Student: 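One structure, pasted below without further comment.
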Amino acid sequence: MTLHASYRAAVLPGPHEEIVLRELPAPSLSDGAALLHTLCSEVCGTDVHLHHGRLAGVPYPIIPGHVAVGVVAAIRGRLTDVEGEAFHEGDVVTFLDVYGTCNACYQCLVARQTTRCPHRRVYGITFGVGDGLLGGWAEAIWMKPGVKMLRLPHGVAPEAFMGGGCGLVTALHAIDRAEIRLGQSVAVLGVGPVGQSVVALANLSGAGDIIAVGAPDSRLSFAKEMGATATVPLSVPSAERTSLIRDWTGGRGVDVVVEASGSPEAVSDALDLVRDGGRVVIVGHYTDNGPVLLHPHHQINRKHAEIRGCWGSDYSHFHRALGIVARMGNRVPWAGMVSERFPLERAGEALQAVADRSVLKAMIVPS
Ligand SMILES: [Zn+2]
Ligand SMILES: [Zn+2]
């Protein structure tokens with residue numbers, strides 16, 4: 001494969017600033033490193049938050065793009081997947097965007113939740129442009145030694161995986177936390193990429209009624225294609241939505257509610273919607289969207305409700321997500337979630353399209 005001395009990248013200089021194109025030198029690859037030529041990288045809701053300066057500890061300027069697919073253009077040493085099979089130049093891969101979990105701290109070794117490791121860094125979010133080609137909105141991505149690459153299974157097109165992408169991986173973690181039992185009713189608040197994949201995975205988990213709540217109507221229609229059995233638009237006032245959904249569930253409320261909207265009010269709605277002894281998973285608040293007033297007696301204590309948070313993803317979520325797309329991609333329209341593709345020079349437009357929700361998912365296709 002032809003390597004280049006430098007590669008173009010779309011750079012976010014700082015909060016509220018315009019995306020600019022920059023040429024960065026190719027990294028010199030040490031043993032255990034690889035270089036990907038980027039095929040596509042997604043524009044995630046997190047990138048909008050990065051643009052708005054709503055994430056702490058971001059070393060601007062950065063190259064956004066945390067979930068991406070590329071072709072291995074160069075590799076140094078023998079790199080293998082979890083089966084021990086070697087990666088080769090020409091392989092089409094994605095990678096765990098989380099880098100540097102230490103396997104030495106309390107969170108990694110005792111609590112066994114690497115997503116809370118304080119040394120954890122994330123491609124496209126917590127690396128600065130000075131660190132090199134460490135974001136997906138670029139013609140090439142540097143796989144530093146230790147980055148976990150994953151080969152796309154045979155028959156899985158890059159865009160089929162990326163249609164789910166970050167939202168699918170996040171949703172898989174949320175579904176793990178939700179522990180849905182066969183036939184249980186589920187409400188999903190929010191019909192962005194995470195909510196859509198939560199709907200699909202709840203369906204694959206054997207849920208009974210799956211009620212999607214959100215806006216706009218086009219996203220609610222898509223949620224039905226993903227497996228929702230009923231939808232409720234946000235134009236229906238909150239109290240009416242709750243009584244409507246309670247009516248559908250024998251007056252009890254739903255067994256499991258997954259909040260994937262990022263709205264603080266949705267957390268209160270979720271607690272109103274869940275049945276006594278039910279479970280609420282909160283996955284929509286990756287950034288600080290502010291507080292909300294809860295009524296502990298009515299909404300939590302007397303209800304005997306269980307509330308679970310869900311933060312980030314680890315290797316297992318990526319690994320299993322690829323297997324799910326390989327087996328279920330013909331039944332679940334993940335590929336259809338990508339509504340528009342943008343070259344690097346139009347990355348700013350892509351960001352705007354996601355911010356104003358004119359597309360469900362935008363993809364950056366560098367070349
Ligand atoms: Zn650690
Ligand atoms: Zn993301």
Side-chain angles (χ1 to χ4, degrees), residues 10 12 38 40-52 54-58 62-69 94-127 134-138 141 146-148 150 158-159 161-175 190-198 201 260-262 282-289 310-318 321-322 325 334 337-338 342 347 350-351 353-355 357 359-364:
L12 174 61
T38 314
C40 50
S41 180
E42 77 181 300
V43 183
C44 171
T46 299
D47 299 315
V48 175
H49 299 316
L50 289 169
H51 190 221
H52 294 162
R54 297 253 294 274
L55 247 76
V58 178
I62 61 166
I63 305 169
H66 41 284
V67 177
V69 171
T94 185
F95 58 95
L96 175 64
D97 54 349
V98 175
Y99 171 82
T101 51
C102 70
N103 200 33
C105 73
Y106 181 90
Q107 298 292 1
C108 283
L109 290 181
V110 183
R112 292 192 181 170
Q113 46 185 9
T114 58
T115 59
R116 296 301 301 144
C117 173
H119 304 288
R120 173 184 186 273
R121 298 180 78 181
V122 185
Y123 273 60
I125 299 177
T126 60
F127 284 109
L134 300 172
W137 297 7
I141 313 169
V147 171
K148 296 281 178 281
L150 303 94
E159 293 208 352
F161 170 65
M162 291 299 291
C166 179
L168 167 60
V169 172
T170 305
L172 202 156
H173 193 184
I175 288 288
V191 284
V194 175
Q196 299 285 355
S197 278
V198 169
L201 296 180
S261 74
I282 297 165
V283 67
H285 289 258
Y286 192 74
T287 49
D288 182 356
N289 288 329
C310 180
W311 179 254
S313 334
D314 65 23
Y315 179 86
S316 77
H317 304 119
F318 274 75
L322 279 169
V325 173
W334 275 297
M337 210 126 86
V338 181
F342 296 83
L351 196 55
V354 171
R357 296 174 183 225
V359 296
L360 180 50
K361 179 168 280 195
M363 196 85 86
I364 303 290

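Because the structure is predicted, anything quoted here is derived from the model rather than measured. The analysis underlying the following values was restricted to heavy atoms, covering all of them including side chains, and did not include hydrogens, waters or symmetry mates. Both ligands and their constituent atoms are indexed starting at 1 by order of listing.
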Student: Taking the Zn ion (ligand 2) as the vertex, what is the angle from SG of Cys44 to NE2 of His66, given to 10 degrees?
Tutor: 110°
Student: Determine the minimum heavy-atom distance between Leu168 and Val325, stating which atoms define it.
Tutor: CD2-CG2, 3.5 Å
Student: Rounded to 10°, how big is the angle at the Zn ion (ligand 1) from Cys105 SG to Cys108 SG?
Tutor: 110°
Student: Only counting residues at least two apart or in another chain, list the ones meeting side chain to side chain contact (heavy atoms under 4.5 Å, CB included) with His49.
Tutor: Arg54, Leu55, Thr287
Student: Taking the side chain as every heavy atom from C-beta outward, state whether Val67 and Phe318 have any pair of such atoms under 4.5 Å apart.
Tutor: yes
Student: Would you check if the Zn ion (ligand 1) lies under 2.8 Å from any N, O or S atom of Cys102?
Tutor: yes
Student: Is there side-chain contact between Tyr123 and Val147, with at least one heavy-atom pair below 4.5 Å?
Tutor: yes
